[in-house]
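Within every chain, numbering begins at 1; the chains are lettered A, B, ... in the order of the sequence lines, protein sequences first and strands thereafter.
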Amino acid sequence: MKKIGSLKEFACTPDRFQGGHRLCPGCAHSMIVREVVNATDDDLVISTATGCLEVCSAIYPYTSWDVSWIHIGFENAAAAIAGAEAMHKALARKDRLYNDDRRVKFVAFGGDGGTYDIGFQSLSGAVERGHDFLYVCLDNENYANTGGQRSSATPIGAHTSTTPRGRVSYGEKQRKKDLTMIMAAHGCPYVATAIPGSKHWKDLATKAAKAISTVGPTFINALSPCTTEWKFKPEDTVEIADLAVETCAFPLYEIEDGHKLTINYRPKQKLPIEEYLGAQGRFSHLFKPENKWIIEEWQKQVDEYWDYLQRREEAGV
Amino acid sequence: MATPKDMLTTWDKVQFGAVLPSFEDPEHKKRSKFHSYNYTVADWRVEKPVFNRELCIDCDYCWVFCPDSCFQVEEVVNKRGKKQAKIVGINYNLCKGCGVCVEVCPTPIKSLLMFPEYVDNEEALKQWPKKD
Amino acid sequence: MLQIRWHSRAGQGAVTGAKALADVMARTGKYVQAYSVYGAEKRGAPMTAYDKIDDQPILDHSKWMAPDYVLVIDPSLVFQEEIVDNTNDDTIFIVTSHLDKDDLVKVATHLQGKKVYVVDAIKISQEEIGRAIPNTPMLGAFMKISNIIPFEDFLVSIEDILSKFPKKIIEGNLRAIKRAYEEVK
Amino acid sequence: MAERYELKNKEVWDGNMAAAHALRQAQVDVVAAYPITPSTPIVQNYAQFLADGYVDGEFVMVESEHSAMSACVGAAAAGGRVATATSSQGYALMVEVLYQASGMRLPIVMTVVNRALASPLNIHGDHSDLYLGRDAGWIHLIANNPQEAYDLTLCAFRIGEDDRVRLPVTTNQDGFLVSHTAQVVEPLQDEDAYKFVGEYKAKNPMLDTKNPVTYGAQTEEEWHFEHKANQHKALMDSFPVIEEVFKEFEKVSGRKYNLVETYKLDDADVALVLMGSAYETAMLAVDKAREEGIKVGLLMPRVFRPFPYNEVAEKLKGVKAVAALDRSAPMGTTGALYNEVAGALAAKGESAILTNYIYGLGGRDTTVEHILEVIKETNENAKAGKRVTPLQGFINLRGPKLSFN
């Protein structure tokens, strides 16, 4: 496992995901991806589900990757990496590895659409079969690649292009699906949440290093603030991510062996949810008097979940 | 039309299976012409970050949070013998001008500031805010 | 071409029996075809299996058959009139029943005037193998009636075909085959 | 090392067992598969080979056919030999990824047991799935019996992996009529089979991590056409390689395969064109018809994609009346095989009288007598010198006569 020390040290890592890609200015996806691929010195084979990261990092005739990479479809990043990992096992057994002096690790990236929704079956299957890989969900809570449609990761009250706010609607009606817990319930040896937040670059890199070096299927759900669809200024990406953890809208925790939960960050003073919601255009309508109850509901859910996490951690279950 | 004219080839010369090699010379990590590192998104910019080496403390926040891998670093050894990354510049071919680096820069007077694209860097450094 | 049709219930081993017979005959240099016709129904549903045996490669892939032999390995299927479909006066029926031939034909009237032989393959398999899998005893009876190859040669082949099973099962099957060979009437 | 499997010179195998043994002998590195009737026994047999130590590759039992083909693509791009099996609905679920496999030029081999497509649900043999995948950029080989299912599966690896081809290949056999019908199969011994198939030679393997590669880039309007044209050319150019592999296979097995198979076609006035197990049944009908004085022959494209249109036209030259028999619901037009034959003949300026028959859907029995009937009808067209029978007829369909003109 690569030791993640100071940022001064980490920044000496030769970057394996390069610029010249076509992601939006200020996109959190590439912040997360860079930290993940730089969190190990082992060679990598990566699969990526159809989505922003995929279309923007491999627009023919260009690739942004310094590591082996494959994209097949929207719903099969996990199956694709499972196949590559199986091939690695087979060739190792048959003594036919291409560079047997090097260690190879397997990572899959998918957006929330490709992970929570259409790719969930393939992810669940690959994890259940115990392939040795890390799956990173770049959770920007909507189908940003196709113009901001809702996904099952979209939180209540959010305006999206398929759950627009309107004269009679306040936007998305359902709560965000708790995918991290669902993945933990698969019995993965390691599951964690992460963000590209100013205080939390090390939390993310350490989690990635830990997950990659863990034998078996591991999962990181990384909140990826989307400047375009969440409607905030590109330079504020890191700040929005910070607000998500300071309000406990997206708490940072990890679960080992399917049950042992550890909270990785506790805000000194939990900020009210308005701070997070108010910073994003997708929630601006919630501040109208008639929608006040949604913010109250949000706060209640956040408090309950935060309480639940703390009680689980305390009980060691 | 994202492909520069000199990269456009004909049906009989396209990459087999559309498979792209990252490196032309993997041994020396020389990136191939198919690497986006050799593409430019400079024309996406309206404003650009300018880097003031004088004020930089090499915290490397800009390096870790830059979504476009623009920050060029040099590995140096500090007084205590530890390796660390020194920020030496910005690759303007890759910078889209998002401004994240400026936001995360923690120095009291920022060592990164946004300037209009047309302002010369030398000129920008002259305009830098001074300590009171 | 020799054509054989098996009537069975899914799970009684007619497919395995048909394939075993094909295998035995292939070892004598014959060309064979063994197949079955069934739907999505599960264990217990009536089904048919087929053997074709010839000196030439078998090209006909249709399911239709005018059988020379009809092997009925489940006692209740004897009462289904389908067992006489596409048969003629020379077709030989070997059926599983606890009744003797005359009593059987009285109740299964569609068999009247047919060449019928009876063997209680269910009882034999229960006693010798420990389960009601009447496929191998039916093969024993078929060997006796058809005399298609020397019985000793058949026993050598079938023992080899069964060789993947535990010794106890192989021995039980061989006893059942020999008993049916003796008891078919 | 995997154990050597003791094989007799003649085995009695059904098509599924034959295909499974071919996969075993090719020493496939990764098989990722999902069971579906009637190809399930291929997967089961392979699992048993693995359990008994006859396979040392990876066997991944995924959670769907979509993931099966996705894992196959991932594994093949990683850099090794890959195979799978499927049928019908499973094939339909894979279709999206079939296009990805061929576009990435990955020589995956898929043993397909052809079956009808729902609705209504039906588990039996017809060519609906084969037709569904016909434009997916794969090479499609047709096997009429278990021996051919075995032979062509071995050939499939050689063809697909050839440096001049590098495309995925399916071998097709009729559900139940071949897959579940045991016949005499003369296999090659393990070492001979492997020698024929040869060592896998990787191209751009992802696992050569010193030389990282990117698979599955997206192409905009300015590139897609060029790539697809390039891929199409590879498929069109694969004919000579297929023939070469067939010749090589004849040397080791004594069994000869051709791009286009024919039976008693040389002097024929009347020809039937059909694929699959019914081709063999039709041979018996031809023999009977010839006894009655009808000069009839048969033609079958052994390779459905790429479609050997020049050979088809060449072989049918001078035939007065041709009936193309399609084992798939045509759904709004003439059958696919009819269309291919019509196109092939038109391109050569041939003007045989052409008719189309639909037969055998959902495993409906097609006997020698049924085909004899078609021969007689087609002969009426030949005798009249013009079409006097319907353009499209249906064989062994219950109810009032259904036909289209």
Side-chain angles (χ1 to χ4, degrees), chain A residues 5-35 38 56-71 99 196-202 204-205 224 227 233-242, chain B residues 2-4 7-9 14-15 18-23 26 29 31-41 44-46 58-71 73-76 78 82-87 91 93-104 106 114:
Chain A
S6 68
L7 183 49
K8 288 172 192 284
E9 223 176 303
F10 187 52
C12 294
T13 311
D15 215 339
R16 298 199 282 187
F17 179 72
Q18 277 297 331
H21 57 69
R22 322 298 166 78
L23 288 161
C24 297
C27 180
H29 275 18
S30 49
M31 299 179 189
I32 297 163
V33 169
R34 286 183 57 229
E35 284 211 49
N38 295 334
C56 296
S57 68
I59 298 181
Y60 192 89
Y62 292 103
T63 177
S64 302
W65 300 90
D66 282 0
V67 295
S68 286
W69 185 87
I70 186 168
H71 153 252
N99 323 114
S198 61
K199 291 186 211 159
H200 310 290
W201 74 267
K202 191 168 179 174
L204 170 53
S224 184
T227 158
K233 285 189 273 174
E235 64 266 32
D236 292 339
T237 304
V238 176
E239 190 194 331
I240 299 289
D242 284 340
Chain B
T3 310
M7 287 288 279
L8 270 178
T9 53
V14 293
Q15 286 295 110
V19 179
L20 300 166
S22 304
F23 298 108
K29 298 277 174 207
R31 295 196 177 92
S32 73
K33 65 174 178 175
F34 302 109
H35 206 298
S36 69
Y37 182 81
N38 295 317
Y39 182 74
T40 180
V41 287
W44 289 34
R45 264 193 325 265
V46 180
D58 290 317
C59 69
D60 299 324
Y61 268 41
C62 54
W63 178 87
V64 77
F65 291 115
C66 175
D68 296 291
S69 318
C70 300
F71 285 87
V73 298
E74 201 179 280
E75 198 178 306
V76 295
N78 70 9
K82 276 192 152 181
K83 70 171 185 181
Q84 66 173 61
K86 182 184 173 194
I87 305 290
N91 183 339
N93 277 339
L94 308 181
C95 175
K96 295 174 188 140
C98 68
V100 163
C101 54
V102 173
E103 284 300 308
V104 298
M114 297 306 282

K8(A) and N78(B): side-chain contact (heavy atoms from CB on, under 4.5 Å), yes or no, with the steps? CA-CA 10 Å; K8(A) 288 172 192 284; N78(B) 70 9; 5.8 Å; no
Determine, stepwise, if the pair T237(A) / E103(B) fulfils side-chain contact (heavy atoms from CB on, under 4.5 Å). CA-CA 9 Å; T237(A) 304; E103(B) 284 300 308; over 6 Å; no
Carefully, step by step, assess D66(A) and H35(B) under the rule side-chain contact (heavy atoms from CB on, under 4.5 Å). CA-CA 8 Å; D66(A) 282 0; H35(B) 206 298; 2.5 Å; yes
Evaluate the criterion side-chain contact (heavy atoms from CB on, under 4.5 Å) for residue pair V238(A) and Y61(B); output intermediate values, then yes/no. CA-CA 11 Å; V238(A) 176; Y61(B) 268 41; over 6 Å; no
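In this structure, K33(B) places its NZ atom where only 12 or fewer heavy-atom neighbours from other residues, nucleotides or ligands lie under 6.0 Å away. Atom OH of Y37(B) is surrounded by 12 or fewer heavy atoms from other residues, nucleotides or ligands within 6.0 Å.
Between chain B and the residues S6(A), G5(A), G19(A), the most heavy-atom pairs under 4.5 angstrom are made by G19(A). Ranked by non-hydrogen atom pairs under 4.5 Å with chain A, the options C66(B), G99(B), C98(B) are led by C98(B). Most heavy-atom pairs under 4.5 Å with chain A: of the set K82(B), Q84(B), K86(B), this distinction falls to Q84(B). Comparing W65(A), W69(A), Y60(A), W201(A) by how many heavy-atom pairs each has under 4.5 Å with chain B, the most go to Y60(A). The candidate from V100(B), D58(B), V19(B), T9(B) with the greatest count of non-hydrogen atom pairs under 4.5 Å with chain A is V100(B).
Looking at E35(A), the atoms closer than 4.5 Å to chain B (heavy atoms on both sides) all sit in the side chain, from C-beta outward. Heavy atoms of V64(B) lying under 4.5 Å from chain A belong to its backbone as well as its side chain. Contact annotation for N93(B): neither backbone nor side-chain heavy atoms come within less than 4.5 Å of a heavy atom of chain A. Heavy atoms closer than 4.5 Å to chain A are found in both the backbone and the side chain of V14(B). The part of R31(B) that comes within reach of chain A is its side chain, from C-beta onward, which places non-hydrogen atoms under 4.5 angstrom from that chain. Contact of C95(B) with chain A is not made at all, since no heavy-atom distance falls under 4.5 Å.
Here W44(B) contributes atom CH2 and C24(A) contributes atom SG; the two are 7.0 Å apart, rounded to the nearest 0.5 Å. Atoms CG and CG, from D68(B) and L23(A) in turn, are 7.5 Å apart once rounded to the nearest 0.5 Å. With rounding to the nearest 0.5 angstrom, the CH2 atom of W63(B) is 5.0 Å from the CZ atom of R34(A). For the atom pair NE2 (H21(A)) and OG (S36(B)), the distance works out to 7.0 Å, reported to the nearest 0.5 Å. To the nearest 0.5 angstrom, C12(A) atom SG is 10.5 Å from E74(B) atom CD. Atoms CD and CD, on E75(B) and E9(A) in that order, are 9.5 Å from each other to the nearest 0.5 Å.
Listed for the S22(B) side chain is no donor-acceptor partner under 3.5 Å among the backbone atoms of T63(A). Panel note: side chain H29(A), backbone P67(B); no donor-acceptor pair is recorded below 3.5 Å.
Between R22(A) and K96(B) there is no side-chain heavy-atom pair separated by less than 4.5 Å.
Here the closest non-hydrogen pair linking C59(B) and L7(A) is O-CD2, 3.3 Å.
Under the rule for a side-chain contact (heavy atoms from CB on, under 4.5 Å), the partners of K233(A) that lie at least two apart in sequence or sit in another chain are E235(A), D236(A).
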